Amino acid sequence: MKGPITIAGATFLILGDQLASAADELRSEPLYVLRHSTAHLLAAAVTQLWPGTKYAIGPPVENGFYYDFLLPEPVGEADLRRIEKKMEELVRRNLPYEQVVLSRKQAIERFRALGQDFKLEILAGEAAAEQEISCYATGEFFDLCRGPHVDSTRRLANFKLTKVSGAYWRGEEKNAQLTRIYGTAWPDRESLDDYLRALAEAEKRDHKRLGPQLKLFRLDERTGQGMVIWLPHGATVRRELERWIVDEELARSYQHVVTPVVAKLDLFRQSGHYQKFQETMFPPMRTPEGEELELRPMNCPHHILVYEAEPRSYRDLPLRIAEIGNMYRWEKSGELMGMIRVRSIALNDAHIFCTPDQLQEELRGAIELAQYFMRTLGVQIHRYRLSIRDDQAAKWVGADEQWRHAESALAEALDASGERYEVGRGEAAFYGPKLDFQILDAQRREFTNNTVQVDFQLPLRFGLEYIAPDGSRQTPIMVHRGALGALERFTAYLIEHYAGAFPTWLAPVQVGVLPITDAHVPYAQQVAERLRRERLRVEVDARPERVGKKIAEGRNRRLPYLAVVGEREAESGSVQIRDRAGEQSSEELEAFVERVASEVRQKRL
RNA sequence: GCCCACGUAGCUCAGUCGGUAGAGCACUUCCUUGGUAAGGAAGAGGUCUCGGGUUCGAAUCCCGACGUGGGCUCCA
């Protein structure tokens, strides 16, 4: 399951096993060694504090490390301080990290004597082939480990334990749940402090904090979990995005449709969603008349019905059916997160029905459109991932040949785009491989923002056809593609990306007009009216407050422009403009109107 | 769903050993009409998430439910 694989003549590094299976060069990186050794230090402290603890694995990860334990009693965040103290004590004792190479038999005996069942499992599993078993001893702590490590615990000074969570042994839900303790570790005090400071900064851009603060959205338990209330400001941002998306798609020969969020359950039986995706679907509704209705988890079946609305000829293809489609997924309660992971989802969705000859170009077009959207918004795709099957056949539907065809088609389209990408085995959709556009949130957690998928299955399940030039009936290929992604997740991402300071064209309020005294309110209203005639979004702050306060608040609200108007401006028909950078300028009202209107037209960043 | 936390005014948060509720901002009213980052005063606002329990007495301790956060699993 590890190592490079080859698709369509190109070779890719497999992701998904994180650093735990890192290549040998990576294992010797100084920072990797430091964090890996700190993980051992953590385990040494924990096993001293809680004798009888069984330790599982403890790899370095981005910014730090963790170690998984089966503890004799529950351990929580309140215990972290105590564990850190013990770690510091071990650091002061200047304990060496000593490599001990044992024969397979000796190793098994040793870990059996220690009662370390997880290590025995590893010896019987992934380390089964090795005859010489590398172990490391640090004081009384003894671990199965390839190393390398630092020479002594005294090299480890700049660490901090950060959180406790549950984690399943070998990452499988049916296995025992272990206690995972996370920490961060750095070569020097400054790097540690910088990292902790950056975390605190990231919290300030957190969409869960900024969203309610800027009145963009709220979540209320009375709507049910994962159901977003888009407040007027957030709805404005979303509406601007939607208008833009629809315009751009219409310009690329997409046809927009509107379809309902509820359908008979049989529709999802036919599509296969109910068989393969059921645990992510809301339970069916049973009507008094005995009908079974289902909230749709995806829009594809409805778009297939659009395709079927009339007989199709090859001349109709490619047929690009688009919708900003609402769908509902029953995500488990613990999986929900702010607006990034929700249960009511509005996807910038489309299904392209095409011939095999057209597939390449359609995939490229879908990739380019997504990139155009991202470029215009000044956001960056963190990485591209080609998600393919793994060898657990039960998870996937369709013939091998079609999967291979689909995988190579995506790989070729990606190659043509010139983007570097990685391969995610086992990350495919149940009906076909996909290309995932990955983004990072403020805390550098990775999410899939958008996908482009090739699908041979659904057209077959629905018996879709088109008449080919020779008069024969052929099955079209379906491309499922997002471009912007889900509006909830993407808006959350934008809030964090811009730290709430949306580009003017997206800003819920673009200009705040601030009269200096009551006497200037009529002129302020005039200015606002003029701006509104250009379809700009304006607010007049007519409260009897000092202009300094109005400015402070306008800045807190991240308004792109504040127009201060007083005696001078009213007389000369001008505005005193203050932008978000704090730059001030006096401008003729007409010049300002044109400047902002043009900035909005150009969607300037 | 699972593990670990958390839940006090609209928001951010204090609240000691169990003794009956506090601040700042926001809101309302009054004063102030002030030219570029927060004027002054007063007022109103609470079933301390909900339900049980322990106790003479619970925001505080215990149990459960609900919700939120960080992870795990899953995923756009």
Side-chain angles (χ1 to χ4, degrees), chain A residues 61 66 68-69 71 74-80 162-182 203 206 208-209 212-213 215 218-222 224-226 277 279-280 297-298 325 327 329-343 345-349 387 427 429 434 436-439 443 445-451 453 480 482 484-490 492-493 514-521 543-556 562-569 576-578 582-584 586:
Chain A
V61 291
Y66 66 78
D68 287 346
F69 305 100
L71 288 148
V75 166
E77 264 151 50
D79 299 302
L80 293 184
T162 50
K163 55 199 173 196
V164 176
S165 76
Y168 301 105
W169 166 237
R170 294 189 189 277
E172 284 180 36
E173 215 171 351
K174 42 193 175 300
N175 289 347
Q177 178 135 11
L178 310 175
T179 302
R180 175 170 297 180
I181 300 177
Y182 283 92
E203 249 170 65
D206 189 330
K208 297 186 290 298
R209 177 183 291 254
Q213 195 178 313
K215 301 181 186 174
R218 67 175 298 206
L219 298 164
D220 185 291
E221 56 187 87
R222 287 168 296 181
Q225 295 182 292
F277 205 68
E279 73 282 5
T280 313
M298 294 181 187
M327 52 208 204
R329 295 188 183 176
W330 189 78
E331 306 286 349
K332 292 184 210 164
S333 59
E335 294 165 342
L336 302 172
M337 196 185 82
M339 271 219 305
I340 285 190
R341 192 78 186 271
V342 293
R343 286 175 172 169
I345 307 164
L347 188 65
N348 164 216
D349 204 5
S387 293
E427 305 278 342
K434 58 189 178 129
D436 297 316
F437 294 63
Q438 302 296 106
I439 53 171
Q443 285 158 64
R445 290 175 295 200
E446 187 174 325
F447 294 92
T448 300
N449 181 60
N450 181 36
T451 67
Q453 313 176 358
H480 306 239
L484 202 81
L487 286 160
E488 289 79 10
R489 178 171 293 183
F490 190 67
Y493 172 79
L514 316 182
I516 287 169
T517 74
D518 291 352
H520 312 121
V521 170
R543 296 173 305 162
E545 291 289 352
R546 286 166 219 284
V547 74
K549 177 161 182 164
K550 295 180 183 181
I551 285 168
E553 286 180 15
R555 290 181 59 93
N556 289 342
L562 298 172
V564 176
V565 295
E567 206 55 43
R568 296 198 292 270
E569 289 73 24
Q576 177 71 227
I577 297 303
R578 188 183 168 117
E583 295 294 318
Q584 291 176 50
S586 180

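Protein chains get the first letters and strands the later ones, always in sequence-line order, with residue 1 at the start of each. Fair warning: this is a prediction, and the values are worked out from it, not measured in the lab. Computed over heavy atoms, backbone and side chain alike; hydrogens, waters and symmetry mates excluded.
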Distance-minimising heavy-atom pair for A:Lys163 and A:Leu80 | N-CD1, 4.0 Å

Between the side-chain atoms of A:Asn556 and the base atoms of B:A38, is any donor-acceptor pair under 3.5 Å?
-> yes

Comparing A:Arg489 with A:Gly171, nearest RNA chain B nucleotide closer to 5' gives the residue A:Gly171

Identify the heavy atoms of A:Lys434 and A:Glu427 that sit nearest to each other, and give their distance.
-> CE-O, 2.9 Å

Can you tell me if the side-chain N/O atoms of A:Gln225 get under 4.0 Å from OP1 or OP2 in B:U68?
-> yes

Between atom CD in A:Glu335 and atom P in B:C2, what is the gap in whole Å?
-> 12 Å

Donor on one side chain, acceptor on other, A:Thr448 and A:Asp436, under 3.5 Å | no

Using a cut-off of 4.0 Å on non-hydrogen atoms, how would the nucleic acid contact of A:Glu567 be classed: base, sugar-phosphate, or nothing?
-> base

Whole-angstrom distance between B:G69 and B:U33, as gauged at atom C1' | 46 Å

Side-chain donor/acceptor of A:Asn348 to backbone N/O of A:Leu484, under 3.5 Å = yes

Which nucleotide in B:G35, B:A76, B:G71 has an atom nearest any side-chain atom of A:Lys163 = B:G71

Whole angstrom is fine here: how far is it from CZ in A:Phe447 over to P in B:U73?
-> 13 Å

Got a sec, which residues hit salt bridge (charged side-chain N to carboxylate O under 4.0 Å, His left out) with A:Lys550, two or more places apart in sequence or on another chain?
-> none

Contacts of type side-chain contact (heavy atoms from CB on, under 4.5 Å), residue A:Asp68, not counting sequence neighbours | A:Ala56, A:Ile57, A:Tyr66, A:Ala167, A:Leu178, A:Arg180

Under 3.5 Å, is there an N or O donor on one side and an acceptor on the other linking the side chain of A:Arg341 and the base of B:C74?
-> yes

For the side chain of A:Arg578, starting at C-beta, report the closest nucleotide among B:U36, B:G35, B:A76.
-> B:U36

Find the distance A:Asp349:CG to B:A76:C1' and express it as a whole number of Å.
-> 10 Å

Taking atom C1' in both B:G1 and B:G15, what distance in whole Å separates the two?
-> 35 Å

Taking the same atom, P, in B:A14 and in B:G53, what whole-Å distance lies between them?
-> 30 Å

For the pair A:Asn450 (side chain) and A:Gly482 (backbone), establish whether a donor and an acceptor sit closer than 3.5 Å, ignoring hydrogens and angles.
-> yes

In whole Å, what separates the C1' atom of B:G18 from that of B:A76?
-> 49 Å

Say whether, by atom type as modelled, one donor and one acceptor occur between the side chain of A:Glu488 and the main chain of A:Ala346 under 3.5 angstrom.
-> yes

Answer yes or no: is there an ion pair linking A:Lys174 with A:Glu172, defined by an N-O contact shorter than 4.0 Å?
-> yes

Tell me: CG of A:Leu80 to C1' of B:G70, nearest whole Å?
-> 12 Å

If you measure from the P atom in B:C3 to the same atom in B:U16, how many Å do you get, rounded?
-> 30 Å

When you compare B:G46 with B:G64, how far apart are their P atoms, in angstrom units rounded to a whole number?
-> 31 Å

Which part of the nucleic acid, if any, lies within contact of A:Gly548, taking any heavy atom under 4.0 Å across all strands shown: a base, the sugar-phosphate backbone alone, or nothing?
-> sugar-phosphate

Rounded interatomic separation in angstrom, taking CD from A:Gln438 and P from B:A76 = 10 Å

Short side-chain N/O contact from A:Arg445 to OP1 or OP2 of B:G71, under 4.0 Å = yes

With a non-hydrogen cut-off below 4.0 angstrom, is A:Leu347 in contact with a base, only sugar-phosphate, or nothing?
-> nothing

Heavy-atom protein contacts under 4.0 Å, nucleotides 4-18 of chain B, coded B base, S sugar-phosphate only, - none | SS-------------

Out of A:Met298, A:His480, A:Met327, which residue meets the side chain to side chain contact (heavy atoms under 4.5 Å, CB included) rule with A:Leu347?
-> A:Met327

Are any non-hydrogen side-chain atoms of A:Glu331 and A:Thr280 less than 4.5 angstrom apart?
-> yes

Contact class for A:Met337 vs. all strands (heavy atom < 4.0 Å): base, sugar-phosphate, or nothing?
-> sugar-phosphate

Hey, are the side chains of A:Arg578 and A:Arg555 touching, using non-hydrogen atoms and a 4.5 Å cut-off?
-> yes

Using a 4.0 Å heavy-atom cut-off across all strands, classify A:Ala486 as base, sugar-phosphate, or nothing.
-> base

A:Ile340 CD1 to B:G71 P: how many Å, rounded?
-> 11 Å

On a plain distance test, is the side chain of A:Glu569 in donor-acceptor contact with the base of B:G35 below 3.5 Å?
-> yes

Which letters describe nucleotides 24-34 of chain B, given B = protein heavy atom under 4.0 Å from base, S = only from sugar-phosphate, - = neither?
-> --S-----BBB

Distance, C1' atom - from B:U60 to B:U20, rounded to whole angstrom | 12 Å

Short N-O contact, A:Glu335 and A:Arg329, less than 4.0 angstrom | no

Paired stems touching RNA chain B, three or more consecutive Watson-Crick or G-U pairs with both distances under 3.5 Å?
-> B:1-7 with B:66-72, B:10-13 with B:22-25, B:27-31 with B:39-43, B:49-53 with B:61-65

Go through the structure and list residues passing side-chain contact (heavy atoms from CB on, under 4.5 Å) with A:Ile340, not counting sequence neighbours.
-> A:His207, A:Met337, A:Asp441, A:Phe447, A:Arg489, A:Ala492

Can you tell me, in whole Å, how much space there is between the P of B:U49 and that of B:C11?
-> 12 Å

Give a yes/no answer on whether the side chain of A:Arg180 brings an N or O atom under 4.0 Å of OP1 or OP2 in B:G70.
-> no

OP1 or OP2 of B:G71 under 4.0 Å from side-chain N/O of A:Tyr168 | no

5'-most by nearest nucleotide on RNA chain B - A:Val564 or A:Gly338 | A:Val564

Could you state the atom-to-atom distance from CD of A:Glu173 to P of B:C72 in whole Å?
-> 13 Å

Interatomic distance where NZ belongs to A:Lys332 and P belongs to B:G70 [whole Å] = 18 Å

